[in-house]
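The block underneath contains the structure these notes are about, expressed in structure tokens.
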2 protein chains.
Amino acid sequence: MISPATIALIVSLETAALEKWNNGDPSGYLDLSADDVVYFDPETERRLDGKKALTRYYEPFIGKIKVIKYEMQNVKVQGTDEVAVLTFNLFSYTEEKLIKWNCTEVYQLRDGAWKIIQTHWSFTKAPF
Amino acid sequence: MISPATIALIVSLETAALEKWNNGDPSGYLDLSADDVVYFDPETERRLDGKKALTRYYEPFIGKIKVIKYEMQNVKVQGTDEVAVLTFNLFSYTEEKLIKWNCTEVYQLRDGAWKIIQTHWSFTKAPF
């Protein structure tokens, strides 16, 4: 089972990283990611493997993202107090448009610290 | 940590379910899915929650899918012997085309049986 404290902690870690990302700073996600993180998003041409690859991949985004408002919807955390599976729909509002996302983050407790071992972002079909 | 036996078992469970799916039969995935499974794919308008919702969602696909060849690429299983995170890229060949997928499946050991608690399918950007 998974404890309410773990659920709250996972959501707070994700929210803090997302808020940095929304202001052009991927360091929150990179700091959270394990060395062996795996990563999918709509732009990746195959699964990215490892924090080094993810760090390189994020470099061009530094300072380029500006999300002015966001809504995490249907937030759910499953799993155990060792491996926690966070899923949600995300509405990201930029100056120009609303982008709707599906997100799955898997966190694992490693040496007392929660690390992301898997990230999967994709577009939600729902019309913009 | 996760044992080689768990890794092999997870891959064999997924492969068996996928091969049924490729022949128009979603029952393999439904049998594997936990009652509280959560699910994303490129057609869902938000996260689907629960096996009942997934069963209804899959109904129109029964007998409609025919994948003549598939390749699971970059297969990786992370996590623990309680919660296992399977990721891969999938090439699905129908008579007409090749569809490239990103896939994340999270399995949890429940009363001695591995159950899918989270499924996330999305399209890979790589050109067809």
Side-chain angles (χ1 to χ4, degrees), chain A residues 1-2 6 33-50 53 57 71-91 100-111 115-128, chain B residues 1-2 6 33-50 53 57 71-91 100-111 115-128:
Chain A
M1 293 304 299
I2 188 164
T6 296
S33 293
D35 287 344
D36 59 342
V37 67
V38 298
Y39 179 92
F40 296 114
D41 79 20
E43 297 298 318
T44 49
E45 298 205 350
R46 49 173 282 167
R47 191 186 62 211
L48 285 186
D49 285 3
Y57 179 70
E71 295 160 14
M72 290 171 76
Q73 301 188 333
N74 317 320
V75 174
K76 181 160 182 153
V77 186
Q78 299 160 287
T80 65
D81 282 337
E82 256 191 286
V83 180
V85 184
L86 168 66
T87 51
F88 54 99
N89 288 113
L90 177 67
F91 283 18
K100 296 182 180 180
W101 296 94
N102 303 323
C103 181
T104 302
E105 298 274 32
V106 184
Y107 286 77
Q108 184 169 16
L109 194 60
R110 298 265 182 96
D111 299 324
K115 291 291 183 180
I116 297 172
I117 61 169
Q118 188 279 162
T119 292
H120 192 153
W121 290 102
S122 67
F123 294 128
T124 307
K125 181 190 176 67
F128 289 5
Chain B
M1 292 309 299
I2 188 163
T6 296
S33 292
D35 288 343
D36 59 341
V37 66
V38 299
Y39 180 92
F40 296 113
D41 80 18
E43 297 299 317
T44 48
E45 297 205 351
R46 49 174 281 169
R47 191 186 62 209
L48 284 186
D49 285 2
Y57 179 70
E71 295 159 14
M72 287 171 76
Q73 301 188 333
N74 316 320
V75 175
K76 180 159 184 155
V77 186
Q78 300 159 287
T80 66
D81 283 337
E82 257 191 284
V83 179
V85 184
L86 169 65
T87 51
F88 54 99
N89 288 113
L90 177 68
F91 283 19
K100 296 182 179 179
W101 297 94
N102 304 323
C103 182
T104 301
E105 297 273 33
V106 183
Y107 286 77
Q108 184 170 16
L109 194 60
R110 298 265 182 97
D111 299 323
K115 292 290 182 181
I116 297 172
I117 59 169
Q118 187 281 160
T119 292
H120 192 152
W121 290 101
S122 68
F123 293 129
T124 307
K125 183 190 175 69
F128 289 4

For A/Thr44 and B/Thr124, the nearest pair of non-hydrogen atoms, with its separation, is O-CG2, 3.8 Å

Once side chain to side chain contact (heavy atoms under 4.5 Å, CB included) is applied, do any residues pair with B/Gln73, and if so which ones, sequence neighbours excluded? B/Glu71, B/Asn89, B/Phe91

Locate the shortest heavy-atom distance separating A/Phe88 from B/Phe40; write the atom from each residue and the value. O-CZ, 3.5 Å

Test item: side-chain donor near acceptor, A/Gln118 and B/Thr104, under 3.5 Å: yes

Is a salt bridge present between B/Lys125 and A/Glu43, judged by a nitrogen-to-oxygen distance below 4.0 Å? yes

When you look at B/Thr80 and A/Gln108, which way does the side chain to side chain contact (heavy atoms under 4.5 Å, CB included) test go after all the steps? CA-CA 9 Å; B/Thr80 66; A/Gln108 184 169 16; 3.6 Å; yes

B/Gln78 and A/Val106: CA distance, side-chain angles, deciding distance, side chain to side chain contact (heavy atoms under 4.5 Å, CB included) verdict: CA-CA 10 Å; B/Gln78 300 159 287; A/Val106 184; over 6 Å; no

Test side chain to side chain contact (heavy atoms under 4.5 Å, CB included) on A/His120 and B/Asn102 and set out the steps. CA-CA 9 Å; A/His120 192 153; B/Asn102 304 323; 3.8 Å; yes

Just by distance, do the side chain of B/Arg47 and the backbone of A/Asn74 share a donor-acceptor pair under 3.5 Å? yes

Listed partners of B/Ser33 passing side chain to side chain contact (heavy atoms under 4.5 Å, CB included), at least two apart: B/Val37, B/Leu54, B/Ile116

Sort out for me which of B/Val38, B/Asp49, B/Asp41, B/Asp36 touches chain A most, counting heavy-atom pairs under 4.5 Å. B/Val38

